[in-house]
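Quick note on labels: first sequence line is chain A, next is B, and so on, each numbered from 1.
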Amino acid sequence: MKDKMSQNAGESLTQQAQRAMSRPASNYLEGLNSEQRDAVETLHGPVLVLAGAGTGKTRVLITRIAHILAMGEASSFNILAVTFTNKAALEMKNRVGQLVGGAVEGMPWLGTFHAVCVKILRRHAELVGLKSGFTILDTDDQVRLIKQLLKAGNIDEKRWPARHLASLFDRWKNKGLVPSKVPAGEAHSFANGKGGELYEAYQKRLKELNAVDFGDILLECLRLFQENNDVLKEYQSRFRYILVDEYQDTNVAQYLWLRLLAQGTSNVCCVGDDDQSIYGWRGAEVDNILRFDKDFPGAKVIRLEQNYRSTGHILATASALIDNNTERLGKTLHTNIGEGDKVMLRGCWDDEEEARNISEQIEQLQRDKLNLNDIAILVRASSQMRAIEDRFVTVGLPYRVIGGPRFYERKEIKDAIAYFEVIFNSANDLKFERIINTPKRGLGEASLRPIYHYARAKGIPLVDSARALLDTEELRPAARNSIFKLMDQFDHWGTMAQMMDHTELAQIILDESGYTAMWQNDKSPQAPGRLDNLKELIRFMEEFDSMAGFLEHVSLVMDVDTGNAGERVSLMTLHSAKGLEFDTVFLPGWEEGLFPHQRALDESGKAGLEEERRLAYVGVTRAKRRSTISFAQNRRTHGQWQSAAPSRFIDELPQDHVEVMDSTSYGGYTQSTQPNRFKARENVAKDMYSEPRWNKGARSGKRTVTTIDGQARQIKKVHKSDFALGERIFHQKFGYGAITAIEGDKLTIDFEKAGEKRVVESFVEKT
DNA sequence: GGGCGTTGCGTTTTT
DNA sequence: CGCAACGCCC
């Protein structure tokens, strides 16, 4: 995305900083506490800023940059500042810009690890066996390539799935291991000892395709530095100040990369929180942050412990929880916001009741005029979302799911981009394979075989091979005709590309290729959404000057900011909540097996448990003022009803800071229609909590008829419906259906796919 | 080559 | 139980 910030042309960031400094009102150090100030002002030597949740970590980072510039210590292009996500990088750019006066282009080396490494690699591509215009493969491309290798090696794809090998490669790359360095034992663990060979073959194939996968971006950049001392020296002297965000998330390759660069300057500042390390399962090494002072001798460790986010009880609860971890550096957070409300704890009969309780509590907050945007529900696993979503749909509570499949990961977006990519870079075989038969052109495996064969024999891209075979009888007449038409279209679009705007061209390609029509003819409930996404893609492309610029952006930035308007409750996993904050946070599903997740315990033992506990810590510390933890005794998983004990984390909660709630009433709000059958176990949580080991006290209440649904609390006022009985409608979640009953603004709909559901009118669209 | 039925699997996710 | 991926059959 282009930065559309206003800029003062011709003025360097440093000059702007100095100008900003000279204005007395804009003293950027104002308002920092003494530790933050220390972290900003200790410019020389290695610094580890242990920044607890909500202690102003990002502020320190950006102020430090401003300070370096203002002191005239270095120019903006001498500062390397790396983050993990594009979101974090963008936020830093914007905030540095604001603080210093607006120039974002002035920080050329502020970006994600990957963005920075790509930039470096493009300059020195030949040194690692690539050409500067190399393409970046996404996971699909990667798997497609590996499948080909497995087939070529006659390896049973059933027993040795390509995805598994892909993750193995990834793990090696995360550790900074090139094929020759992979320990023999590990290399042999796949396909009876073929793992190592396959890795080598895969890397070789990538070079032939002039491509890198995500792991390579770091690995090859690391190799570039290791094998070319002059290049390394150049960057060592360039980067006089190094800043790293979320250091607890770095993997081995990133650590090695940083350490090499840091040998040029000792001015390394890493910011992170060992208590928030929750990505161990994808290669992050908590150990990197735990042994920082050994890796960087003479390191100064600064603890930020003043929390500006949460009230006392919330912070005390989080602290007590995380205190059960042994592998941590240790911090004591404090707040001066006040004690606030206690953390609430509620035991529920099952996940439906849990969802119902959450929705009722939210409705009460709504009556108290709390904005829905300030409320979040954080779950351990997305399977928990179903019950909650169902409930919200029933009562008409607007919500948004954060995370899930990201924009660029959607099939239709990947397909569209593959078309553009093939037009602009015809040598991109993997993208060509993706769209050759999408939409269906009668070009299946059999038809394509000669094309592959010829391409491999001649060492040419698939497109060229296809074109060449048009002059022969190799292909079946139908296939030949089909390919002829497609190649003709490719030529046509290639010509158009010279003459028109890239967005216009994109539209034409999607229409003429039949791709748009494919989804228009698709009757699945997702199809209209996919067409919308394609429109959104075209709209988004307008922000770029050219197709080439757009494609480069897309390969690295896997997400796009979907401006979600309207007041909505946020629903997301604990993982995607890291870094966010909300006034009120619900934490459902604290049950043994789910949270901590059984699999984390089985696969990683104590380390796994501690990571789960950090996840709990992250969850609790998202709340500014109110937090409700809950657990259900029964939950439907894989279609089976299963009962579970409350999480051990609940035992670890500090009693003085937690208040046990009744399950079915909240804040004096008790529905008069509440059936009495619930009274019997209303105090489940309360009783258990007072028992010695209260998680042992899970009593086997008998299963009652479950639902008291929204019907009891229907809005009685007369409501004129815009819909008619029998009318066909579309619903975002359930797809198409026909209206079978209307009561006020509640509709009962017989969905084609999802069966009969009661939904609220505002969620339904006319077709 | 495409459609349909069967089988297997089921935590978290960024670049 | 629900979905996705694969394989078989038309």
Which atom pairs, one a donor and one an acceptor, fall under 3.5 Å between side chains of residues 209-223 of chain A and the rest of the protein, sequence neighbours left out?
| from | atom 1 | to | atom 2 | distance (Å) |
| --- | --- | --- | --- | --- |
| A:Asn210 | OD1 | A:Lys131 | N | 2.8 |
| A:Asp213 | OD1 | A:Lys173 | NZ | 3.1 |
| A:Asp213 | OD1 | A:Gly215 | N | 3.1 |
| A:Asp213 | OD1 | A:Asp216 | N | 2.8 |
| A:Asp213 | OD2 | A:Lys173 | NZ | 2.7 |
| A:Asp213 | OD2 | A:Tyr202 | OH | 2.8 |
| A:Asp216 | OD1 | A:Lys173 | NZ | 3.0 |
| A:Asp216 | OD1 | A:Gln203 | NE2 | 3.0 |
| A:Asp216 | OD2 | A:Lys173 | NZ | 3.4 |
| A:Glu220 | OE1 | A:Arg223 | NE | 2.9 |
| A:Glu220 | OE1 | A:Arg223 | NH2 | 2.8 |
| A:Glu220 | OE2 | A:Lys207 | NZ | 2.8 |
| A:Arg223 | NH1 | A:Glu227 | OE1 | 3.3 |
| A:Arg223 | NH2 | A:Val128 | O | 3.2 |

Out of B:dT13, B:dT15, B:dG1, minimum distance to the side chain of A:Tyr279 belongs to B:dT13

Residues forming a side chain to side chain donor-acceptor pair (under 3.5 Å) with A:Arg205, sequence neighbours excluded: A:Glu208

Among the nucleotides B:dT12, B:dT11, B:dT15, which one has an atom lying closest to any side-chain atom of A:His597? B:dT11

Dot-bracket summary - DNA chain B, pairs being Watson-Crick or G-U whose distances fall under 3.5 Å, with | when paired to another strand: ||||||||||.....

Contact under 4.0 Å: A:Asn86 side-chain N or O vs B:dT15 OP1/OP2: yes

Dump every N/O contact between nucleotides 8-10 of chain C and the protein below 3.5 Å, one line per pair.
none

Integer-rounded Å distance: C:dA5 C1' and A:Arg159 CZ: 20 Å

Picking from B:dT12, B:dT15, B:dT13, which would you name as closest to the side chain of A:Ser382? B:dT12

Which of these nucleotides, B:dT11, B:dT15, B:dG1, is closest to any side-chain atom of A:Arg476? B:dG1

Give me the distances for all protein-to-nucleotides 4-10 of chain B N/O pairs that come in under 3.5 Å?
| from | atom 1 | to | atom 2 | distance (Å) |
| --- | --- | --- | --- | --- |
| B:dG10 | N3 | A:His638 | ND1 | 3.4 |

Applying side chain to side chain donor-acceptor pair (under 3.5 Å), name anything that partners A:Lys57, two or more places apart in sequence or on another chain. A:Asp245, A:Glu246

Are A:His114 and A:Phe84, when compared by the centres of their aromatic rings, separated by less than 6.0 Å? no

When rounded to whole Å, the CG to P distance for the pair A:Leu150 and C:dC6 reads 12 Å

Length of the CD-C1' vector between A:Glu220 and B:dT15, whole Å: 16 Å

